[in-house]
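Working notes, beginning with the structure itself.
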Amino acid sequence: MIVDQIRESVLSGLKELYDQSFQEKDFQINQTRPEFEGDYTVVLFGLVKSLKKSPDALGHELGAKMVSNNPTLFTAYNLIKGFLNLTVSDTYWVDLLASNTDASCYGKGAPNGQRIMVEYSSPNTNKPLHLGHLRNNFLGWSISEILKGSGADVFKTCIVNDRGIHICKSMLAWDNWGNGATPDSTGIKGDHFVGDYYVRFNEEYKKEVKELVDRGMKEVEAEKEAPLMKATQEMLLKWEQGDPHIVGLWKMMNSWVYSGFDITYKKIGSDFDKTYYESNSYLLGKEDVEQGLKNGVFHQKSDGSVWIDLTDDGLDEKLVRRKDGTSVYITQDIGLARLKYTEFKIDQSIYVIGDEQNYHMKVLKLICQKLGMPFANDIHHLSYGMVELPTGKMKSREGTVVDADDLVDEMIRIARQHTMELGKVNDFTEAELDALCDTIGLGALKFYLLRVDPKKRMIFNPEESIDFHGFTGPFIQYTHARIRSILRKESIDFSHKPAGEGLLKLEKQLLIELEQFGNIILQSANELDPSQMAIYIYTLAKTYNTFYAEHSVSRAESEEKKELRLRISLLTAEVIRSGMAMLGIKVPDRM
RNA sequence: GGUCCGGUAGCUCAGUUGGAUAGAGCAUCAGCCUUCUAAGCUGAGGGUCAUGCGUUCGAGUCGCAUCCGGAUCACCA
């Protein structure tokens, strides 16, 4: 890549001139700001001190050396204060097109043998997916594709939280008040159907608590003593004992939820290579506790409970086994981490989980490290901020959530409305139109959630619908459709190299940006940050639109220019398509 | 209280291991469709980068302190 070549040239130039060795940390290479002449800039200040030279003298000596050493790569340099601006030859940029006639895999890394697992989505089976889950699903899917793009083998997994006290709540509510209703009998999607009973439970439970408080009981106590809570705990106990009625109820209601999830996952494009169920894995990790006790990582208190002391690491004491011998959340996670490692022989394990669990993930990694597990150092938490409403946090118990299905449907509806108003695809069949509106609506939604730095929390205002103009998915999709429209009408002659001299500013700018694609993939992968990809694709599309308004492709000044611009357009379209695919967003040929 | 994260234009967000005059989109205003798709392009206005001190050739970026917002510190998951 060009930045690497410049770096090499700087290092060897310095070596020749001053017989000193430097590292890449000692200077910076940036894209030259548009108000100056040049393509890339070497910032010299970091070198000045140890060479005992003025930035001016150093810049001229180094610039001249670099140009004379690499006459085919650099055509000129200029120096402003401590900034050495280099002009890269037009031939270099145009050769980019010649060496990438097969644009479909452009920018992607060669297979590197890395095996990476990405756990994401991880729903509870007591309620439908909401906006927060969408951010999780889009991030998980996207980072998986970006990691694949960087050359890794990726395994997508999901841990379904299908058991526990919260699951029993909706089960109990259905048992009490369901009157045998089913998703089929009511026509309600299965996950919503079950979620409604979860909400119902909490309503009734609240009433009971209030009644007890009114009779003089303390709230904390009332929450424990409410008959519904007691009944739920009893149900959980029966489930753990394998009570046939309870297990049957559990299986039936979970199957309703799964059929609902399937529809949603299919719509939003989430899928998994392996699904783990908590009902199968919640007993994992017990041997790890035994092992930890043996080698002194854990210690047992007089009541029989088992702990790990993390105070030396700035954390607290953490329980890993209750006094009654049952395991806690973190214990399962230790066991599951081990299972993933042994089943898939993975080099890295990435967890897409909200930032409310930052502490938990820190503890998990630390415990695995202390237990001497070989995979411990390769656990990474892709932590993301909560999606909140202007009114504050979403609470599923109170039903104040933006439902995933509703939101997706709404986005598609708006996409259809825009599309019909513009009337550009009136010849589409109904099926084609449906597919297009799905693409645009979901594209808008996914881009909206992915363009923001994952670790930042974001506020979503349902009153202001997600935009289709500007820094959005549809803007990029539209740019792609425009390019395809040109390419449909013209053909490209791949038999010869496009002419290389006299690149116009915008032609060169596009090539410079296209050249960066490979670096962007690596950077997004290394930092587990799809927003960098989103910003890059947007910038590229924006540059293309400026170019499009300024210069004609079909009616270029000469055949050579036309050929060159067709090739640039094709590569731009491919990079947009490929980059958007890594965000889980499709791009249409027409819209 | 301890730990962690955040605070940049009216709003939503960028800002690479410190680099040139802090950038986009939305919204507002003014232009651009007889020529490849106007979901587009061009221009204008809009900033005490939360606050203060420090580090140095140079700080939105690093350090310390303070203010504001959030998360977390369960024998819950």
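In what follows, chains carry the letters A, B, and so on, assigned in the order in which the sequence lines appear, proteins first and then strands, with residues in each chain numbered from 1.
For the P atoms, the distance linking U66(B) with G1(B) amounts to 11 Å, nearest Å. The same atom, C1', is picked in A14(B) and in G47(B); the two are 15 Å apart, to the nearest Å. Distance check on atom C1': A22(B) versus G69(B) gives 24 Å, rounded to whole Å. Separation of the P atoms belonging to A50(B) and C29(B) is 30 Å when rounded to the nearest angstrom. On the P atoms, A44(B) is 10 Å away from A24(B), given to the nearest whole Å. Only the P atoms considered, C26(B) is 7 Å distant from G40(B), to the nearest whole Å. If you take atom P in U16(B) and the same atom in G54(B), they sit 25 Å apart, rounded to whole Å.
Residue side chain Phe45(A) meets the stacking definition with respect to G19(B): its ring centre sits within less than 5.5 angstrom of the base's six-membered ring centre, and the planes differ by less than 30 degrees. Residue Phe83(A) and nucleotide A20(B) are classified as a stacked aromatic pair, their ring centres being separated by less than 5.5 Å at an interplanar angle below 30°. A stacked arrangement is not assigned to Tyr478(A) and the six-membered base ring of G40(B), the conditions of a centre distance below 5.5 Å and an interplanar angle below 30° not being jointly met.
Proximity of Arg482(A) to the phosphate of A38(B): a side-chain N or O atom is located under 4.0 Å from OP1 or OP2. Distances shown here put every side-chain N or O of Arg555(A) at or beyond 4.0 Å from the OP1 or OP2 atom of C36(B). Side-chain N/O atoms of Arg322(A) include one lying less than 4.0 angstrom from OP1 or OP2 on A77(B). Side-chain nitrogen and oxygen atoms of Lys362(A) include none within less than 4.0 Å of the OP1 or OP2 phosphate oxygen of U3(B). Taking 4.0 angstrom as the limit, Thr546(A) places a side-chain polar atom (N or O) nearer than this to OP1 or OP2 of U42(B). For the pair Arg33(A) and G23(B), the criterion of a side-chain N or O lying under 4.0 Å from OP1 or OP2 is met. Here His469(A) does not reach the OP1 or OP2 of C26(B): none of its side-chain N or O atoms lies under 4.0 Å away.
Ion pair Asp26(A)/Arg7(A) not flagged as a salt bridge, since none of the NZ, NE, NH1 or NH2 atoms sits closer than 4.0 Å to an Asp/Glu carboxylate oxygen. Ion pairing between a basic and an acidic side chain is recognised when a charged N comes within 4.0 Å of a carboxylate O; Lys224(A) and Glu221(A) show no such pairing.
Within a 6.0 Å sphere centred on CD of Glu24(A), heavy atoms belonging to other residues, nucleotides or ligands number 12 at most.
Taken from OG1 in Thr543(A) to CD in Glu507(A), the straight-line distance is 13.5 Å, to the nearest 0.5 Å.
We find that CZ of Phe27(A) is positioned 16 Å from C1' of G18(B), with the value rounded to whole Å. In this structure, Arg321(A) atom CZ and A77(B) atom C1' are separated by 20 Å, rounded to whole Å. Distance CD1 (Ile308(A)) to P (C75(B)): 15 Å, rounded to an integer number of Å. Rounded to whole angstrom, the span from the NZ atom of Lys455(A) across to the C1' atom of C4(B) amounts to 13 Å.
Ring orientation note: the planes of Phe517(A) and Tyr536(A) are close to parallel, at an angle under 30° on the 30°/60° scale. Between Phe460(A) and Tyr448(A), the ring planes are perpendicular. Angles over 60° get that label, and only those under 30° would be called parallel.
For the pair Ala549(A) and Met458(A), both in contact range of RNA chain B, the more 5′-proximal nearest nucleotide belongs to Met458(A). Comparing Asn30(A) and Lys301(A) against RNA chain B, the residue whose closest nucleotide sits nearer the 5' end is Asn30(A).
C33(B): glycosidic angle within 90° of 0, hence syn.
The side chain of Lys456(A) lies closest to G7(B), out of G7(B), C57(B), C41(B). If you check C75(B), U3(B), A20(B) against the side chain of Lys323(A), the one that comes closest is C75(B). Side-chain proximity of Lys489(A) to C75(B), C36(B), U17(B): nearest is C36(B). Across C75(B), G18(B), G69(B), the shortest atom-to-atom separation from the side chain of Gln28(A) is found for G18(B). The side chain of Phe471(A) approaches G25(B) more closely than any other nucleotide in the set U37(B), G25(B), G18(B). With distances taken from any side-chain atom of Thr41(A) to the nucleotides C57(B), A20(B), A77(B), the minimum falls on A20(B). Of the candidate nucleotides A20(B), C36(B), A77(B), C36(B) has the atom nearest to the side chain of Ile486(A). Of all nucleotides listed (U37(B), A14(B), C76(B)), C76(B) comes nearest to the side chain of Ile165(A). Out of U37(B), C41(B), U72(B), the shortest distance to the side chain of Tyr359(A) is found at U72(B). Residue Ser485(A) has its side chain nearest to U37(B) when only U37(B), C4(B), A20(B) are considered.
Among the candidates Leu44(A), Thr32(A), Leu58(A), Asn78(A), the single residue satisfying the side-chain contact (heavy atoms from CB on, under 4.5 Å) test with Leu84(A) is Leu44(A).
Here the side chain of Arg322(A) pairs a donor or acceptor atom with the backbone of Ser327(A) at under 3.5 angstrom.
Residue Asp453(A) places no side-chain atom within donor-acceptor reach of the base of C13(B), judged by atom type and a 3.5 Å distance cut-off alone. Side-chain atoms of Asp316(A) stay outside donor-acceptor range of the base of A74(B), with no qualifying N/O pair under 3.5 Å.
Proximity of Ile520(A) to Met533(A): side-chain heavy atoms (C-beta onward) are separated by under 4.5 Å at one or more points.
Residues satisfying the side chain to side chain donor-acceptor pair (under 3.5 Å) test with Thr472(A), not counting sequence neighbours, are none.
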Can you run through RNA chain B from 5' to 3' and write each base as (, ), [, ], | or . depending on how it pairs? Watson-Crick or G-U wobble, both distances under 3.5 Å. (((((((..((((.....[...)))).(((((.......))))).....(((((..]....))))))))))))....

